[in-house]
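The structure presented is a predicted model; accordingly, all values stated were derived computationally and were not measured. Order of listing sets the numbers, starting from 1, for every ligand and every atom in it.
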Amino acid sequence: MTDCYGVIGYPVTHSKSPEMHNAAFNALKIDACYDKYSVKTEDLAQQVSLFKEQLSGWNVTVPHKNNIIELLDWVDPVALAAQSVNTVINENGKLLGYSTDGYGLEKAIEAEFGVNIKDKYILLVGAGGAAQASAVHFAAIGARKIAVVNRTVSKAEFVTDCIEKLSPEVATYFGGLQELPSDVSEVDIIVQCTSLELDETRELDFSFTDISSDAVCIDMIYNKKTPFLQKAEAKGLRIASGEQMLVYQGAKAFTMWTSQEPSIEVMKTAVGIK
Ligand code: ATR
């Protein structure tokens, strides 16, 4: 019987996950399919109970990474600490939640810039589910300092509180989008984690004035050079959009579902990375 998988989110029309996973299934001759499901928050619980009958696993994207937690039977401790799940495994009706976002971002930064997270100072712009998961992951793998700035400051503080509990040796800072830390010129890696610039007409109010041109800048948004990345590039930073993060977080989810290693090359080609 064909195993079915998918991605649930709102909006989800832009998602390239189906192309990527279906190409990886085909390459390994696995009888499986992957589709996208546009589901509003008020319909999430009903959809998850349908998925329990229909899907072997699924990815979770904006805005459900947090809301889905209460609908699952078990959540991985790191994903629980970050309050963010992007991968669900349906184990005979028992729903298990994980986050592969931090791993995906780590691997993307290595692949794009040859930069390792260890001992680095990272500035996360945004404090949603993917940012939370990445912050917790980066702290666990030896980041030196993690600063989080966000429109809603309490969410940035929640992220740094998580880091302080799990990895107290990592220095932290939180603030609003215009309240950058006083040592921001020492930041090594900037990650744009907000969803604002998914909307073509909108631009995040963020200033690169005090940021060093030696820093690298990656955006979680994929398929385009966002205004955020354009500003970083104009300042002389090396930049990357989110395609590789998409591939690596997806590859890890794929392995969790199938116990097989997908071809990274096949997945990259499917999302248009040369
Ligand atoms: P994901 O799960 O992909 O991380 P999310 O949890 O919905 O997505 O988080 C979206 C992020 O984009 C948050 O940092 C959010 O800021 P708030 O915490 O203040 O909501 C940010 N974001 C969304 N719309 C925004 C806007 N208009 N201006 C600034 N930030 C915005």
Side-chain angles (χ1 to χ4, degrees), residues 7-17 36-42 44 58-72 75-76 78-88 97-106 108 122-138 146-163 173-180 190-207 218-224 226-229 231 241-243 245-246 248-250 253:
V7 55
I8 182 170
Y10 193 87
V12 80
T13 39
H14 69 283
S15 175
K16 288 213 165 188
S17 290
K36 53 189 162 198
Y37 299 85
S38 178
V39 176
K40 291 187 179 166
T41 301
E42 57 268 32
L44 183 65
W58 61 91
N59 288 127
V60 185
T61 188
V62 188
H64 304 316
K65 286 180 183 176
N66 174 268
N67 298 340
I68 200 154
I69 289 177
E70 64 179 21
L71 304 171
L72 304 177
V75 177
D76 170 71
V78 172
L80 194 61
Q83 286 288 293
S84 177
V85 161
N86 82 330
T87 302
V88 175
Y98 298 85
S99 178
T100 66
D101 280 328
Y103 169 87
L105 184 57
E106 174 201 349
I122 297 135
L123 171 64
L124 299 174
V125 180
Q132 288 174 36
S134 299
V136 170
H137 181 74
F138 285 175
I146 300 177
V148 186
V149 294
N150 193 46
R151 174 180 62 175
T152 310
V153 178
S154 58
K155 285 215 231 162
E157 184 177 14
F158 173 82
V159 177
T160 55
D161 279 353
C162 275
I163 297 169
Y173 170 89
F174 69 88
L177 286 172
Q178 278 81 44
E179 299 167 352
L180 300 184
I190 301 170
V191 188
Q192 199 301 108
C193 314
T194 81
S195 49
L196 179 74
E197 292 180 1
L198 277 175
D199 180 343
E200 303 284 345
T201 64
R202 304 190 70 182
E203 186 170 333
L204 197 69
D205 186 12
F206 180 86
S207 168
I218 187 164
D219 202 313
M220 288 188 178
I221 293 176
Y222 55 88
N223 291 341
K224 62 180 175 188
T226 58
F228 189 89
L229 285 183
K231 279 193 268 182
S241 59
E243 285 86 356
M245 177 180 175
L246 173 74
Y248 285 102
Q249 63 76 30

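- Shortest contact from atom 6 (O) of ligand 1 to any protein heavy atom: Gly129 N, 2.9 Å.
- Shortest contact from atom 10 (C) of ligand 1 to any protein heavy atom: Ser195 OG, 3.6 Å.
- Within the set Val148, Val85, Ile221, Thr152, the minimum heavy-atom distance to atom 17 (P) of ligand 1 is found for Thr152.
- The protein heavy-atom contact nearest to atom 16 (O) of ligand 1 is Asn150 OD1, 3.3 Å.
- Looking only at distances, a side-chain donor or acceptor of Glu197 sits under 3.5 Å from a matching main-chain atom of Leu204.
- Looking only at heavy atoms of the protein, atom 7 (O) of ligand 1 is closest to Val62 CG1, 3.5 Å.
- Distances from atom 21 (C) of ligand 1 to the heavy atoms of Leu124, Thr61, Thr194, Val159 show the closest one on Thr194.
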Show your reasoning for whether salt bridge (Lys or Arg N to Asp or Glu O under 4.0 Å) applies to Lys224 and Glu200.
-> CA-CA 10 Å; Lys224 62 180 175 188; Glu200 303 284 345; 3.4 Å; yes
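- Taking both residues in full, the closest heavy atoms of Ala82 and Phe158 are given as O-CE2, 4.3 Å, listed atom of the first, atom of the second, then distance.
- Among all protein heavy atoms, the one lying closest to atom 5 (P) of ligand 1 is Gly128 CA, 3.9 Å.
- Of the heavy atoms in Ala127, only backbone atoms (N, CA, C, O) come closer than 4.0 Å to ligand 1.
- Note that CG of Leu246 and CG of Asn59 are 9.0 Å apart. Values are rounded to the nearest 0.5 Å.
- Checking side-chain atoms of Lys155 against main-chain N and O of Asn150 turns up no donor-acceptor pair under 3.5 Å.
- Residue Ala135 comes nearest to Leu124 through the heavy atom pair CB-CD1, 3.6 Å, listed as atom of the first residue, atom of the second, then distance.
- Scanning the protein for heavy atoms near atom 20 (O) of ligand 1, the closest one is Arg151 NH2, 2.8 Å.
- Among all non-hydrogen protein atoms, the one lying nearest atom 2 (O) of ligand 1 is Lys65 CD, 3.1 Å.
- Below 30°, between 30° and 60°, or above 60°: for Phe228 and Phe206 the angle between ring planes is between 30° and 60°, a tilted geometry.
- In this structure, Arg202 has a heavy atom closer than 4.0 Å to ligand 1.
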